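The block underneath contains the structure these notes are about, expressed in structure tokens.
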Amino acid sequence: MAVGARCRLSLCVRQRAQRVGTGERVGRRALQQSRTARASAAVADTSETADAQRPIEAASLGDIARFASPIALSTLSGPVLSGVDTAFVGNFSSVLELAALGPATTVSDLTTLAFGWIGVVLLSALSRTNALPPSDEREERYRDTVGAGLMLALGAGLFVLAWHAACATGLLKVLGASPEMMPSAVQYVVIRAVGIPLAFLTTSLVTLCTAMKDSLTPLMVTGVVVVANVVLDYVLCVPMHMGAAGAAWATVAAQLIGLASYIVVTLRMRRLRAVPPQRSSVASLLKSGVPIFAVASLTLSVYACMSAFSCLFPVTITATHKVVISIFALGGFFGEPLNLTCQAFLPQMLTAPRSKEQSAQIALLGKRILLSALGVAVVVAGAAAGNMLFFPTIFTQDPQVLAPLAAITPLVCGVLLLLVPVRALQGFCVAYRDLAFYALATFISAGLFAALLAATRMLGFGYPSLWYCTMAFYVVNFLVYGSRVHWLLRTGGPAPKAA
């Protein structure tokens, strides 16, 4: 019996020892798994931290070319439409109507360009929004921003429509339009005013594509608009002999076709997603847009002064200026794609954690954009020279109008060589939100240009002196903005805060 008790006790001890051993093994296994999980989490955190700290690489020259090239063609819509109007009126109407287009297109086109700030601030806001991680908050912010941009575009367009319809004569007098030009010029301005709300809304829809780095859609729509404008200009100016008024109606109809095309495309691509905006969103865009509008207005006042200066000469010289400024505007707009490239690519890089590596990538992007701008400027200046020297009859057959072109061709090309890089440099200032400097520099340079032009006229110099003054204006701007961008890239400047 005692032996049996000892056997049972021994069995219990062995079983207990087995249970203890098993528990220890389970405990060791759980501890090992816990340590492995903590190590994996630490590795994941380290990886995420490294990803967050890794600098955003600068776009290559190829990336810049692929983004900017279609925009270069799509942003030419405005000057191309005016240039087509000039060509048809110059070849199938009188020299007087061609001269009248000088101040008339200045009123219509410069006003549209001055309100281009809507697209600029909308692009900046959307670029910052798209840089956020995907979330419901980002989607809500996107819809609100788009709604605010469309509301501003429509409101500004209706305001300008009423303003031009009521004050066309006064605006043309300010630009020096002579009494004989006035009937055709007023008619052109009033008709073009109908299309201004369409143009402003189109600018907002183009911005939706640009913010997504989609430059092919604007290119295709611009092609449709230009073809429609050419066909309508031919019908209204040649068989129907409507002159400047027919050219204006053709432009308005082409703008309507362009807006309808953008609405269809952006809806199908689900980019046109908007809600009634909050007041704070509208106010934010307005706050950002006021200095840009002021800068744009001051910059465009230079072209208004040029138009007014040309109107002080005989009608044939005014007509000559209209031909020259059409070529010049066509070339100058090639600076806009590089300006927009800065605004599309820089905000995301500027809102990333700043480090030496990130600053180096920002500087590299700056060098590549400026290199692209210089290359584009050379091509544009060469094309302008070829047009003025070998194909001037595209715009008119009148020998008196064409006679001064050869003498001013080197000056016009020299200005274009500077204008394109200057627009790229200004794009850096906007991307860095260095708007106070941008406004001050533009105010001073525009004032000096107006004073120089007035002094030139008082001294009795002829029409070529206009382009000497313009050359001086852009030399100063190139030096000023070049120095400022160098400072921004070196110090970081007033970069925008993270959204």
Side-chain angles (χ1 to χ4, degrees), residues 67-81 109 111-130 139 141-161 192 194-229 251-277 281-282 284-286 288-289 292-293 296 333 336-337 339-341 343-344:
F67 178 77
S69 297
I71 292 181
L73 299 176
S74 63
T75 56
L76 290 177
S77 177
V80 165
L81 296 183
D109 293 343
T111 303
T112 302
L113 292 173
F115 279 86
W117 63 267
I118 297 173
V120 173
V121 298
L122 182 58
L123 175 59
S124 179
L126 290 177
S127 296
R128 292 195 299 273
T129 300
N130 291 336
E139 176 64 19
R141 183 170 170 178
Y142 177 90
R143 292 172 181 269
D144 186 62
T145 302
V146 172
L150 293 175
M151 178 178 287
L152 282 177
L154 181 60
L158 294 175
F159 167 76
V160 174
L161 167 59
R192 282 287 304 272
V194 176
I196 285 179
L198 309 178
F200 287 6
L201 287 170
T202 299
T203 298
S204 297
L205 297 180
V206 171
T207 302
L208 301 187
C209 299
T210 307
M212 300 300 295
K213 297 183 175 62
D214 171 18
S215 51
L216 291 177
T217 298
L219 172 61
M220 292 186 291
V221 175
T222 298
V224 173
V225 170
V226 171
V227 170
N229 189 50
T251 299
V252 171
Q255 289 172 328
L256 179 60
I257 292 171
L259 177 60
S261 300
Y262 273 113
I263 290 174
V264 171
V265 171
T266 52
L267 282 174
R268 291 186 63 181
M269 293 184 173
R270 298 193 69 253
R271 291 174 183 164
L272 185 52
R273 309 190 306 275
V275 295
S281 300
V282 178
S284 177
L285 292 182
L286 279 172
S288 300
I292 298 176
F293 174 72
F333 263 79
E336 295 306 304
N339 185 288
L340 292 174
T341 300
Q343 297 178 49

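These numbers come from the heavy atoms of this one structure, side chains and all, not from hydrogens, waters or symmetry mates. Everything numeric here is computed off the predicted structure, so don't read it as measured data.
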Nearest 0.5 angstrom please: [X] [atom1] to [Y] [atom2], how far?
{"X": "E336", "Y": "T341", "atom1": "CD", "atom2": "OG1", "answer": "10.5 Å"}
{"X": "L123", "Y": "R128", "atom1": "CG", "atom2": "CZ", "answer": "10.0 Å"}
{"X": "M269", "Y": "T217", "atom1": "CE", "atom2": "OG1", "answer": "3.5 Å"}
{"X": "L152", "Y": "F159", "atom1": "CG", "atom2": "CZ", "answer": "13.5 Å"}
{"X": "L161", "Y": "L198", "atom1": "CG", "atom2": "CG", "answer": "9.5 Å"}

Atom of [X], atom of [Y] and distance for their closest heavy-atom approach:
{"X": "L205", "Y": "L150", "result": "CD2-CD2, 4.1 Å"}
{"X": "R141", "Y": "T129", "result": "NE-OG1, 3.4 Å"}
{"X": "V221", "Y": "G258", "result": "CG1-O, 3.9 Å"}
{"X": "S204", "Y": "L122", "result": "O-CD2, 3.9 Å"}
{"X": "A199", "Y": "Q255", "result": "CB-NE2, 4.0 Å"}
{"X": "I263", "Y": "T266", "result": "O-OG1, 3.3 Å"}

Next item on the list: Quick one: list whatever passes side-chain hydrogen bond (donor to acceptor under 3.5 Å, both in side chains) with T203, sequence neighbours left out.
Entry: none
What pairs of donor and acceptor atoms, side-chain ones from residues 113-121 against any protein atom, are under 3.5 angstrom apart with sequence neighbours left out?
none

Is the shortest side-chain heavy-atom distance between [X] and [Y] below 4.5 Å?
{"X": "T251", "Y": "R192", "answer": "yes"}
{"X": "Y142", "Y": "L208", "answer": "yes"}
{"X": "T202", "Y": "V206", "answer": "yes"}

Margin query: Restricting to side-chain contact (heavy atoms from CB on, under 4.5 Å), what partner residues turn up for A253, sequence neighbours left out?
Written below: L232
